[in-house]
Amino acid sequence: MVSVNGRVAAGLFVLLGLLWGSSFVAIEIGLAYFPPLQFAALRFFLAGLIVLGYAAVSTDYWRPHSRTDWTLVGVSGGLLIGAHHAFLYLGQEHVPGAVAAIVISLGPVLTALFATGILGDRITPLGVLGFGFGFLGVGLVARPDPNALLSSDVVGVATVLVASACFALGAVLTRPFSSDIPARTLQAWAMLFGAALLSVAGVATGESLAAVEWSGVAVGSLLYLAVVSGAGAFLIYFELLGRFGPTQINLIGYLEPVSATLLSWAFLGQLIDAVTALGFVSIFAGFALIKRRALGESLARARDGAAD
């Protein structure tokens, strides 16, 4: 893909946050017509085929070559696509998309936590405080009632939290591997492998495509998730990979709840309450404390770039 200038890159960054935020709303709409696991499987079968087609025409390295490549596909497809979206879609049967997006935004905090435990990353006292703020935020979103710990809202938040943990764990487990496989190739095969796992899990839990209520809204939500906020959004992500570092890319996760909240209000008439919004602020504060040095370096580079 051709490189883009700073302003276009910033615009694409915001657009990516809007697209990924809108996916929570599209999932919520589509779940009225699809069984959750088969819904996710269909989405990633379609998105994976599109991204694989793009990889096939844009690089000679369009399929995994080595054992390391296949390991990355297995971990990415199993955790980042399969397990993550299985629990996300199941959780969104119980909580609105905007709430799910806020819980998912804990991902970078959980990634740092897993990296500390698995890879031995150093954590400072301020980092520990950041973990505390992150989990406090989830508590504010869930607000569990001791007398109703199995209420639908609490179960939904807990299920989405597992989804966020699966993604964070996958991100940490893939970090030690070194491979020249292009991101688009890895993502395509991970999507297809994850979709296969989701479909098998759906069958194992009694889901059937015969239960799908095909309608214009159902087809629209599926195509939007697969083509626009799936394949299209990931193609934007690939363009931004070389320009933004991992800390800046993680900031997209904090645009998603804002996008999901605004779109939920516009299309579904839903608004989060003040306590839920405070939970989101607490989660972001946790991320900022954990990644404060990287954020400072990113802001300095951005200022230098603007000055140039």
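The chain is numbered in sequence order, starting from 1. From a predicted model like this one, the values you see are computed outputs, not experimental measurements.
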Tabulate below the donor-acceptor pairs under 3.5 Å that side-chain atoms of residues 113-122 make, not counting sequence neighbours, or state none.
| from | atom 1 | to | atom 2 | distance (Å) |
| --- | --- | --- | --- | --- |
| Thr116 | OG1 | Ala112 | O | 2.9 |
| Asp121 | OD2 | Arg175 | NH1 | 3.1 |

Ignoring hydrogens and angles, write down the donor-acceptor pairs under 3.5 Å from the side chains of residues 91-100, residues two or more places apart or on other chains.
| from | atom 1 | to | atom 2 | distance (Å) |
| --- | --- | --- | --- | --- |
| Gln92 | NE2 | Phe24 | O | 3.0 |
| His94 | ND1 | Ser152 | OG | 3.1 |

Throw together a table of side-chain donor-acceptor distances under 3.5 angstrom for residues 10-23, partners on residues two or more places apart or in other chains.
| from | atom 1 | to | atom 2 | distance (Å) |
| --- | --- | --- | --- | --- |
| Trp20 | NE1 | Ser229 | O | 3.4 |
| Ser22 | OG | Leu18 | O | 3.4 |
| Ser22 | OG | Leu19 | O | 2.6 |
| Ser22 | OG | Tyr224 | OH | 2.5 |
| Ser23 | OG | Trp20 | O | 2.5 |

**OP:** Go through the steps for Ser105 and Phe284 under the test side-chain contact (heavy atoms from CB on, under 4.5 Å), then give the verdict.
**Re:** CA-CA 8 Å; Ser105 72; Phe284 179 76; over 6 Å; no
**OP:** Apply side-chain contact (heavy atoms from CB on, under 4.5 Å) to the pair Phe133 and Val109, showing each step before the final yes or no.
**Re:** CA-CA 10 Å; Phe133 270 111; Val109 176; over 6 Å; no
**OP:** Take Leu222 and Arg43 through the test side-chain contact (heavy atoms from CB on, under 4.5 Å) and record every step on the way to the result.
**Re:** CA-CA 6 Å; Leu222 176 61; Arg43 174 192 182 183; 4.3 Å; yes
Subject >> Candidate pair Ile81 and Phe193, rule side-chain contact (heavy atoms from CB on, under 4.5 Å), full reasoning >> reply: CA-CA 8 Å; Ile81 300 296; Phe193 179 56; over 6 Å; no
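Sorted by first and then second residue, the side-chain hydrogen bond (donor to acceptor under 3.5 Å, both in side chains) pairs involving residues 156-174 (not counting sequence neighbours) form an empty list. Residue pairs that meet the side-chain hydrogen bond (donor to acceptor under 3.5 Å, both in side chains) test with at least one member in residues 278-290, sequence neighbours left out, do not exist here.
The side chain to side chain contact (heavy atoms under 4.5 Å, CB included) search around Leu80 returns Ser76, Phe167, not counting sequence neighbours. Under the rule for a side chain to side chain contact (heavy atoms under 4.5 Å, CB included), the partners of Ala163 that lie at least two apart in sequence or sit in another chain are His84, Phe87, Leu88, Ile104. Scored by the salt bridge (charged side-chain N to carboxylate O under 4.0 Å, His left out) test, Asp273 finds Arg143 as partners (sequence neighbours excluded). In this structure, the ring pair (Phe, Tyr, Trp, His ring centres under 6.0 Å) partners of Trp189, at least two apart in sequence or on a different chain, are Trp70. Tyr61 is linked by a ring pair (Phe, Tyr, Trp, His ring centres under 6.0 Å) to His65, counting only residues two or more places apart in sequence or in another chain. By the ring pair (Phe, Tyr, Trp, His ring centres under 6.0 Å) test, Trp265 is found to be paired with no residue, residues two or more places apart in sequence or in another chain being considered.
Contact record, Leu126 with Arg292: CD1-NE, 3.5 Å, taken as the closest heavy-atom pair. What you find for Ile102 and Pro257 is that their closest heavy atoms are CG1-CB, 3.8 Å. Closest of all the heavy-atom pairs between Leu197 and Gly78 is CD1-CA, 3.7 Å.
Grouped by direct or indirect side-chain proximity (heavy atoms under 4.5 Å, Ile/Leu/Val/Met/Phe/Trp/Tyr only), Val203 sits alone.
Phe34 places a side-chain heavy atom less than 4.5 Å from the side chain of Leu42.
One distance of note links CD1 of Ile272 with OG of Ser264; it measures 9.0 Å at 0.5 Å rounding. Considering CZ of Phe234 and CD1 of Ile50, their distance stands at 12.5 Å, rounded to 0.5 Å.
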